[in-house]
Amino acid sequence: MGVPMAAPRDLRGRPAAPGRALGAVHRAEERPLPSGPPGESDARAALEAAAALAAGELKALSERSDEESAGILDFQIELLLDGELLAPALERIGKGEGAALAFAAAMNAHMDTIAGGGDAFALRAADLADLKSRVLDALAGRTRADFPQGTVYVGRDMPPSLFLAHDWSGGGGIALSAGSAASHVAMLARSRGVPMVVGLGALPVESGDRLLVDGSEGVVRLDPEERLLSPPPSVVAAPVPYAGVAPRARLFANIDTLADLDTLDPALVEGVGLVRTEFLLPSAAEVLDEECHLARYRRILDRLAGRPVTLRLLDVGGDKALPGLVEGSPASVLGERGVRFLIAHPDLARLQARALLRAAAHGPVSVLLPMVTLPAELVAMAQLFDEEAARLERQGIAFARPPLGIMVEVPASAFTLDLFTQAAFFSVGTNDLMQYLAAAARDNPAVAHLYAGAETAMFRLLEHIATTARAIGRPVSLCGDLAAEPAALSRLLDIGLHDLSVAPSRLAGLRAALAGDA
Ligand code: PEP
Ligand code: MG
């Protein structure tokens, strides 16, 4: 309910991303949580409904088109409605595969069989590729609509995919009744400079009401005065020169989206320490398209102009849903996420491995495996890379074999780094390491004090990690948010963690802290 004509009123939550935003409220629809994991019959029904939706869209398009285009579209509709196209995907669903993966794998197999068959077949392959992305888009539920630019998103929590799909260039902010400062969406908001407050409890506002979000203070103001629009001068950090602060630490950038490249001056970093490919390719249609992977990786390599780039394999599951492919759920925080998901879905892992192998032919690429627990997971992925490299070789496609390293973000691997003999390097993910160490989910506000409070355990473990990595002669860097915390800096450097990878928006603050620490 809005509060017309009332005096400004502040509600306190917790700061999640600094800065201020004033705008009209966009209240998210609260959807009931799904009652359980989708079963086979749900997946069949979802695929059939997506195919019907795609066919309906093509029909509407065909009716508005000239004769020649309509002919092409009608051909696509026939393909879709012809049971033969869906049959192999339905068979995969019968074996337990999810709808999007089953459909993409079946379509890829179909396109592989007609590849190399001359011009007529090339045309047919293009039709199939088009159909594939249409159906995958439909499966991902395009109807989960974006919200107006410049508004303040108000909801219980916000899925990272919604954040990524939204155009923030027109401003706006986020005010969540639940949520957490350690969640992925908060991390994205900090890196994109979108003010965000979490843990506000019930917010008495409706769509259209004016709301001021002060992400630095962790406060939202109802019925704010317009003069509050201008940000306080302290929000704008003065640039700090790079020269003179390098010797104590080497700074790298974390890249989540191609937009991050625009805010990064590659000359001021050693390279890219982490690319979160699950954010770089945020839809099922993109993730299941090898050429799309390759094009994005090459954009990053081109921009970095010869500096090293570490790309992480897809880290889906946990709070990182990929609509249409993986539903994020609290259960999967301790379940099939990261490398576990990839090992369970080798078609997807192979597709990404091929794109990474091909990208490595264009620049200095390293590959990171997320959520590794046991050496056997690294061995399995290394073998998968070898097999895909051999396949590219046979196909005469250029590739290079990138070094494989692991994210250290599960306590079991953190305590046994010496057993990971095949790892070329280590990168510590303190965001997840903290949640698994403290048994406190990073996006659960009820245990946020435990997440933040387990700092002593974290630093003891970091010391162990740095000592072991040194002893076995492997480089180790830190790419979790702790790397960007000025208050942690001297302790990290004392432990011997000198390679720090942070969001581009945090580089200036870190350089300032380094200059002060020198
Ligand atoms: C981490 O866990 O610290 C990390 C860098 O990975 P992400 O935040 O993407 O889970
Ligand atoms: Mg992580």
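Counting starts at 1 for both ligands and their atoms, in listed order. Numbers here are sequence positions counted from 1.
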Should the proximity of Gln435 to ligand 1, defined as any heavy atom under 4.0 Å, be assigned to the side chain, the backbone, both, or neither?
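None of Gln435 does.
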When you check the side-chain N and O atoms of Ser477 and Arg250, is any donor under 3.5 Å from an acceptor?
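Result is no, nothing qualifies.
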Is there a donor-acceptor contact under 3.5 Å from the side chain of Glu409 to the main chain of Met371?
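At least one qualifying donor-acceptor pair exists.
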Can you find an N/O atom of His184 closer than 3.5 Å to an N/O atom of ligand 1?
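Yes - when backbone and side-chain N and O of His184 are compared with those of ligand 1, one distance drops under 3.5 Å.
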Check the side chains of Asp418 and Thr468 for a donor-acceptor pair under 3.5 angstrom, ignoring hydrogens and angles.
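Per modelled atom types, Thr468 and Asp418 side chains form no pair under 3.5 Å.
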Looking only at N, O or S atoms, find the one in Glu409 nearest to the Mg ion (ligand 2) and name it.
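Answer by atom name: OE1.
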Just wondering, do Val185 and Asp443 contact through their side chains at under 4.5 Å, heavy atoms?
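Asp443 vs Val185: side chains apart.
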N, O or S atom within Asp432 nearest to the Mg ion (ligand 2), by name
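Within Asp432, restricted to N, O or S, the Mg ion (ligand 2) is closest to atom OD2.
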Are there over 12 heavy-atom neighbours, none belonging to Arg460, within less than 6.0 Å of that residue's CZ?
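At most 12 heavy atoms, drawn from other residues, nucleotides or ligands, come within 6.0 Å of this atom.
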Measure from the Mg ion (ligand 2) to each N, O or S atom of Asp315 and report whether any distance is below 2.8 Å.
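Under 2.8 Å: Asp315 has no N, O or S contact with the Mg ion (ligand 2).
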Note the single closest protein heavy atom to atom 5 (C) of ligand 1, along with its residue, its atom name and the distance in Å.
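Among all protein heavy atoms, the one nearest atom 5 (C) of ligand 1 is Arg276 NH2, 3.4 Å.
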Has the side chain of Tyr436 got a donor or acceptor atom that lies under 3.5 Å from a matching backbone atom of Leu334?
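No; zero donor-acceptor contacts below 3.5 Å.
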Element-labelled atoms of ligand 1 that are located less than 4.0 Å from some non-hydrogen atom of Met407:
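Contacts of ligand 1 toward Met407, numbered from 1: 4 (C), 5 (C), 6 (O).
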With a 4.5 Å limit on heavy-atom distance, are the side chains of Phe279 and Ile255 in contact?
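No, their side chains stay 4.5 Å or more apart.
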For Met187, counting its heavy atoms only, list the atoms of ligand 1 lying under 4.0 Å from any of them.
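Here the atoms of ligand 1 in question are 8 (O).
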Contact between Met434 and ligand 1, counting heavy atoms under 4.0 Å?
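Flag not set, Met434 not near ligand 1.
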Provide the number and element of each atom of ligand 1 under 4.0 Å from a heavy atom of Asp432.
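Atoms satisfying the 4.0 Å criterion: 1 (C), 2 (O), 3 (O), 10 (O).
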Counting each atom of ligand 1 from 1 as listed, which ones have a heavy atom of Lys320 under 4.0 Å away?
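Per the distance check, 7 (P), 9 (O), 10 (O).
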Atoms of ligand 1, numbered as shown, that sit under 4.0 Å from any heavy atom of Arg312:
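Answer, ordered by atom number: 4 (C), 6 (O), 7 (P), 9 (O).
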Hey, does the side chain of Arg307 reach the backbone of Pro266 with a donor-acceptor pair shorter than 3.5 angstrom?
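Side chain of Arg307 to backbone of Pro266, a donor-acceptor pair under 3.5 Å: yes, one is there.
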Checking salt bridge (Lys or Arg N to Asp or Glu O under 4.0 Å) between Glu290 and each of Arg296, Lys132, Arg354, Arg350, which is the one that passes?
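Option passing the salt bridge (Lys or Arg N to Asp or Glu O under 4.0 Å) with Glu290: Arg354.
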So is Arg442 touching ligand 1 or not, going by heavy atoms under 4.0 Å?
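Yes; Arg442 lies near enough to ligand 1 that a heavy-atom distance drops under 4.0 Å.
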Would Thr430 count as a polar contact of ligand 1, with the cut-off being nitrogen or oxygen pairs under 3.5 Å?
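Such a contact does occur with ligand 1.
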